[in-house]
Amino acid sequence: MSEEPVLIRSKWGTNRYVYNHRNPVGLALIVLTPLIAFGALFGMQAQSTWSEGELHDAVRKGVQDLEGKRHYTSLESNHGFLIAEAIRESGIGPGHGVDTHEAEDGGYTVSTEDTGTEYCVRVTLTLDEQPPVVLPGAEERPPPRPGMLAFHLSHATFAKGACQ
């Protein structure tokens with residue numbers, strides 16, 4: 001083993017310590033430290049971007065999770081947030097960066113910046129006949145007026161490609 005220390009004081013006018021290239025352990029640390037840092041940065045980048053397969057699996061799982069789920073919303077509101085939330089809660093992919101755009105035909109085009117693939121997700125809401133809360137003394141619930149919040153059950157489908 002070398003008599004040289006692994007760390008020495010910098011000769012560049014600072015008081016900090018640097019790896020000693022004359023020591024085999026210091027030389028190994030000089031070579032390995034940037035490689036480990038590069039590997040960690042590459043791994044973090046891979047976990048923060050969507051792949052084509054991840055987006056497909058997340059959309060499929062999100063649509064499955066939306067099936068029969070109860071939502072407190074109105075029929076007139078934009079339901080893209082329901083789709084984005086279901087994709088995020090699927091646990092597949094990074095969970096952020098999902099864009100939903102409402103199409104003229106009522107579907108929602110789902111895409112990400114990281115992929116070129118788009119999916120058309122259609123969500124149909126039906127009034128929930130068994131709401132979780134019934135007001136005391138109310139025998140029948142009045143039908144919701146346009147724009148009124150009510151409990152709805154969602155039914156969703158998806159297809160590859162943008163909505164028309």
Side-chain angles (χ1 to χ4, degrees), residues 16 18-19 25-135 138 140-164:
R16 63 188 185 116
V18 294
Y19 295 131
V25 173
L27 185 60
L29 290 172
I30 289 171
V31 172
L32 290 176
T33 300
L35 293 175
I36 291 170
F38 178 73
L41 289 174
F42 181 75
M44 287 172 39
Q45 189 269 343
Q47 289 180 352
S48 67
T49 57
W50 286 95
S51 70
E52 301 287 337
E54 285 177 333
L55 179 60
H56 177 267
D57 293 344
V59 169
R60 182 181 47 76
K61 175 96 169 66
V63 166
Q64 286 175 351
D65 292 346
L66 278 175
E67 190 62 32
K69 191 172 182 183
R70 179 180 287 139
H71 303 281
Y72 188 65
T73 185
S74 71
L75 293 175
E76 291 77 23
S77 63
N78 184 331
H79 298 109
F81 72 93
L82 296 175
I83 298 166
E85 181 182 342
I87 291 172
R88 186 174 39 259
E89 289 177 355
S90 72
I92 301 171
H96 59 81
V98 175
D99 299 321
T100 58
H101 300 286
E102 187 171 12
E104 291 179 14
D105 65 354
Y108 294 88
T109 300
V110 177
S111 62
T112 67
E113 285 185 5
D114 305 325
T115 62
T117 307
E118 295 178 323
Y119 293 94
C120 180
V121 178
R122 299 189 187 284
V123 177
T124 306
L125 297 174
T126 57
L127 188 62
D128 186 4
E129 297 300 326
Q130 298 294 325
V133 178
V134 177
L135 298 174
E140 277 193 33
R141 172 179 57 149
R145 295 182 306 276
M148 184 175 153
L149 294 175
F151 286 98
H152 292 87
L153 296 176
S154 62
H155 306 284
T157 60
F158 79 101
K160 189 171 184 177
C163 297
Q164 300 302 325

Completion exercise
Here the gap from Asp128 atom CG to Arg70 atom CZ, rounded to the nearest 0.5 Å, amounts to 4.5 Å

Problem - Aromatic ring pairing Phe42/Phe38, orientation class (parallel under 30°, perpendicular over 60°, tilted between) - result: parallel

Practice task
Check Lys69, His71, Glu67 against Ser154 for a side-chain hydrogen bond (donor to acceptor under 3.5 Å, both in side chains) and give me the one that passes.
Solution key: His71

Handout entry: Separation between OG of Ser90 and CZ of Arg60, rounded to the nearest 0.5 Å
Key = 9.5 Å

Problem - Nearest-0.5 Å distance that lies between atom CG in Leu82 and atom OH in Tyr108 - result: 8.0 Å

Problem - Reported OG1-to-CG distance for the pair Thr124 and Leu66, which is rounded to 0.5 angstrom - result: 11.0 Å

Practice task
Take Glu89 and Asp65 through the test side-chain contact (heavy atoms from CB on, under 4.5 Å) and record every step on the way to the result.
Solution key: CA-CA 9 Å; Glu89 289 177 355; Asp65 292 346; 5.7 Å; no

Practice task
Anything under 30° is parallel, anything over 60° is perpendicular, the rest tilted; go ahead and classify His56 against Tyr119.
Solution key: tilted

Exercise for the section: Please say which of Leu27, Val31, Thr33, Val25 ends up in a side chain to side chain contact (heavy atoms under 4.5 Å, CB included) with Tyr19. Expected result: Thr33

Exercise for the section: Kindly check if the number of other-residue, nucleotide or ligand heavy atoms within 6.0 Å of CD (Glu76) is above 12? Expected result: yes

Handout entry: Nearest heavy-atom neighbours spanning Ser48 and Asp114
Key = O-OD2, 4.3 Å

Completion exercise
Gly68 and His155 have their tightest heavy-atom pair at N-ND1, 4.4 Å

Exercise for the section: Verify side-chain contact (heavy atoms from CB on, under 4.5 Å) between Val98 and Arg88, making sure each step is shown before the conclusion. Expected result: CA-CA 8 Å; Val98 175; Arg88 186 174 39 259; over 6 Å; no

Exercise for the section: Could you walk me through whether Leu127 and His152 pass the side-chain contact (heavy atoms from CB on, under 4.5 Å) test, one step at a time? Expected result: CA-CA 4 Å; Leu127 188 62; His152 292 87; 4.1 Å; yes

Practice task
State the CZ-CD1 distance between Phe158 and Ile87, to the nearest 0.5 angstrom.
Solution key: 10.0 Å

Exercise for the section: Report the C-alpha distance between Glu54 and Thr115 in whole Å, list the side-chain angles of each, state the deciding distance to 0.1 Å, and finish with yes or no for side-chain contact (heavy atoms from CB on, under 4.5 Å). Expected result: CA-CA 10 Å; Glu54 285 177 333; Thr115 62; over 6 Å; no

Exercise for the section: Look at the rings of Phe151 and Tyr72 and say which category their plane angle falls in: under 30° parallel, 30 to 60° tilted, over 60° perpendicular. Expected result: tilted

Practice task
Taking all non-hydrogen atoms of both residues into account, name the closest pair between Glu118 and Ser111 and its distance.
Solution key: CG-CB, 3.9 Å

Fill in the blank from the handout: All heavy atoms of Ala103 vs all of Cys163, minimum pair found to be CB-CB, 3.5 Å

Handout entry: Sidechain-backbone polar pair: His79 side chain, Ser74 backbone, donor-acceptor under 3.5 Å
Key = yes

Problem - Between CG on residue Asn78 and OG1 on residue Thr100, distance to nearest 0.5 Å - result: 6.5 Å

